[in-house]
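Letters A, B, ... are given to chains in the order of the sequence lines, protein chains preceding strands, and every chain is numbered from 1.
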Amino acid sequence: MSNNDSPIKSTGLHIGEAAPGCKKTDPMLIIDHVKKSFGGLTAVDVEHLEIPKNAITALIGPNGAGKTTLFNLLTGFDTPDTGEWAFLGTSLSGVPSYKVAQMGQVRTFQLTKALSLLTVLDNMKLGAKNQVGESIFRALFPRSWRKQDAEIELKAIELLKRFKLDTKQADFAASLSGGQRKLLEMARALMTDPVLVMLDEPMAGVNPALTQSLLGHVLDLKKEGMTVLFVEHDMHMVRHIADWVVVMAEGKVVAEGPPETVMNEQAVIDAYLGAHQDTDLGVVTGRISIIDQEKDK
Amino acid sequence: MDWGTIINNTLAGLLTPTTIAFALAALGLAMHFGFAGLLNFGIAGFMAIGAYGYAISVLTFGFPWWGGMIVGIIGSILFAILLGVPTLRLRGDYLAIVTIAAAEIVRLLFLTTAFTDVTGSADGLFGYNNAGGFTSANPFPPGSYGWGPWTYNSETLWVLTFGLGVLAVCVWFLWALMRSPWGRVIKGIREDEEAIRALGKNVFAYKLQALIIGGIFGGMGGIIYAAFANVSPGVYVTSITFFIWTSLLLGGAATIWGPVIGAVIFWTLQAFLSNILPELALAGILPVSGTQAATLRFVLVGIGLMLLVIYRPQGIFGDKRELTFVK
């Protein structure tokens, strides 16, 4: 697919006015009163939030807004002080992280977790669910798992081709570049056949050329019927691919809505984007003298 | 210097019941540390449980030898669960601290005079090989077997055959597990357990399984050692744990044959040093007494271990890419 075409945005996701905590027509994840504090600091305090199904939702906000903490809470990697949340109608409070993943909610990490001393192919094969040979007793009888393992391998190679990592399949993941590890982590997550993919800063540290293909992959997920929730600081990417944007600040949801409207809200601009979001960084730091030119006008 | 004796004793070290026992324990550590990344510094405790489990159930409860050995194995499984349940949820370093303390507790429990009737306290236990029928199960008629440095009486030959059989089964078992998808999950946990958890695997259950499997190997090592020598609390000290670590790192932690070959090299080297160092002292080359020279070999083991982890962390058989000791 061409990445330069403007992606088709999903609309009509919400019921009523697009305000923090508004109802969605078809929510996948419903969060209620989730609160988490570290000592005296309240990291997350979300009253109500719904994540729409089969859409790409971006979670943005300044550093320390609680985005990653919310991710950890939703995936069972951390436990909240209070609150509950449901995934496809099933309550996830107190459910351990591995069970959350088995239900089809898969996540990636802000600091990429490639399994360095395993081959790229083994990294991929680990992602597959319900493997017979992962039970210690059946593991001893290759006849019980060999066929399934071969099928998993085919699927893994196909995904690696899509992510252009197939030439690296015999290499250790440690030998991949930072961007390739991001791709591997995303591909590995897809091996679990997820319904909800949660990406924590998928573009951090990725060069512009790779960003293009990563964007394409994220859009493909939606095409294939998956729901995506991602944290990102790259506003161009958010505007380009997100159908819905949730803005967090100091642990709370301060705004949500379609990207065009939400990113023009004064509160969001003040809290996060900054007044010069569309100007060159050089202008902001004063190294380029456009500001002076503007004054002259 | 009597080079004939030195070489003879060194070569004899290649195949002894002790070598086999330590190869088994090193295999257990390979499962724990090399594949699953669990820092177990209490392998001596697993050996002690295996050995005492065997000896006590034969002497005190009248079990046959094979029943006693099964008790020893069950004991090491229980010990693994006891250690693992509270600690495997914590970070790796904590397991290291707990295992080293637990192994010491085990040793001191066997040493204390409170249970002298059962454990024999500082004297240890003996005579169980006869009482349990292990000696009379010997299929080899009395006599001398083998040649040169490898000449054994029928009793030693029986322990060697039995030990090699057990070792072969354990090596096969570890190989079969590590080539399977189960082994893939275990190696993944070594790399990053959070990533594995995010992929929907019950990391805690896998770690406990790995701890139990390695614990069984360690317990078997203790049993083989007990089948040859007496059971004495003085054997299962912390330094034994570090000898096993040295054997493992020498051969290569994340390999199947590494721990076995490492144990063989380690004990052969020990035999060589314990023979040559006193000779050197006698000949006036080393400025120490004979007994001091014999203990000097432990100093050399320590230096060797340090050099090994600094310059060749992957061991002799390890793939340099596979296991870098310092991450």
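- Atom CD of A:Glu158 sits in a sparse spot, with 12 or fewer heavy atoms from other residues, nucleotides or ligands closer than 6.0 Å.
- Put simply, of B:Ile196, B:Val185, B:Leu177, B:Asp192, the one with the most heavy-atom pairs under 4.5 Å next to chain A is B:Asp192.
- Residue contact with chain B, scored on non-hydrogen atoms closer than 4.5 Å, is absent for A:Thr108.
- Other residues, nucleotides and ligands contribute at most 12 non-hydrogen atoms within 6.0 Å of the NZ atom of A:Lys35.
- Other residues, nucleotides and ligands contribute over 12 non-hydrogen atoms within 6.0 Å of the CD1 atom of B:Ile310.
- Judged purely by atom type and a 3.5 angstrom limit, A:Gln102 uses its side chain to pair as donor or acceptor with the backbone of B:Gly200.
- Heavy-atom minimum distance, B:Ser180 versus A:Ala139: OG-CB, 3.2 Å.
- The backbone N or O of A:Leu126 lies less than 3.5 Å from a partner atom in the side chain of B:Lys201, making a donor-acceptor pair.
- Residue B:Ile186: no heavy atom, backbone or side chain, is found under 4.5 Å from chain A.
- Only the backbone of A:Ala128 comes within less than 4.5 Å of a heavy atom in chain B; its side chain stays farther off.
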Walk me through whether A:Leu117 and B:Lys187 qualify under side-chain contact (heavy atoms from CB on, under 4.5 Å). CA-CA 8 Å; A:Leu117 300 179; B:Lys187 282 189 247 176; over 6 Å; no

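- Atoms CD and CZ, from B:Glu191 and A:Phe172 in turn, are 8.5 Å apart once rounded to the nearest 0.5 Å.
- Contact of A:Arg188 with chain B is made through backbone and side chain together, with heavy-atom distances under 4.5 Å.
- Note: B:Arg190 CZ to A:Leu115 CG = 10.0 Å, rounded to the nearest 0.5 Å.
- Here A:Glu185 contributes atom CD and B:Leu199 contributes atom CG; the two are 8.5 Å apart, rounded to the nearest 0.5 Å.
- In this structure the side chain of B:Arg197 never reaches within 4.5 angstrom of the side chain of A:Pro96, judged on heavy atoms.
- For CZ of B:Arg89, the number of neighbouring non-hydrogen atoms (other residues, nucleotides, ligands) closer than 6.0 Å is 12 at most.
- Contact of the A:Arg138 side chain with the B:Trp182 side chain is not registered, since no non-hydrogen atoms from C-beta on lie closer than 4.5 Å.
- Looking at B:Arg184 and A:Asp149, a side-chain N of the basic residue comes within less than 4.0 Å of a carboxylate O on the acidic one, giving a salt bridge.
- Heavy-atom distances place no part of B:Phe204 under 4.5 Å from chain A, backbone and side chain included.
- Only the side chain of A:Phe77 comes within less than 4.5 Å of a heavy atom in chain B; its backbone stays farther off.
- Your options are A:Thr192, A:Ile136, A:Asp122, A:Leu140, and the one with the most heavy-atom pairs under 4.5 Å with chain B is A:Ile136.
- No part of A:Thr75 comes within reach of chain B, as not one of its non-hydrogen atoms sits under 4.5 angstrom from that chain.
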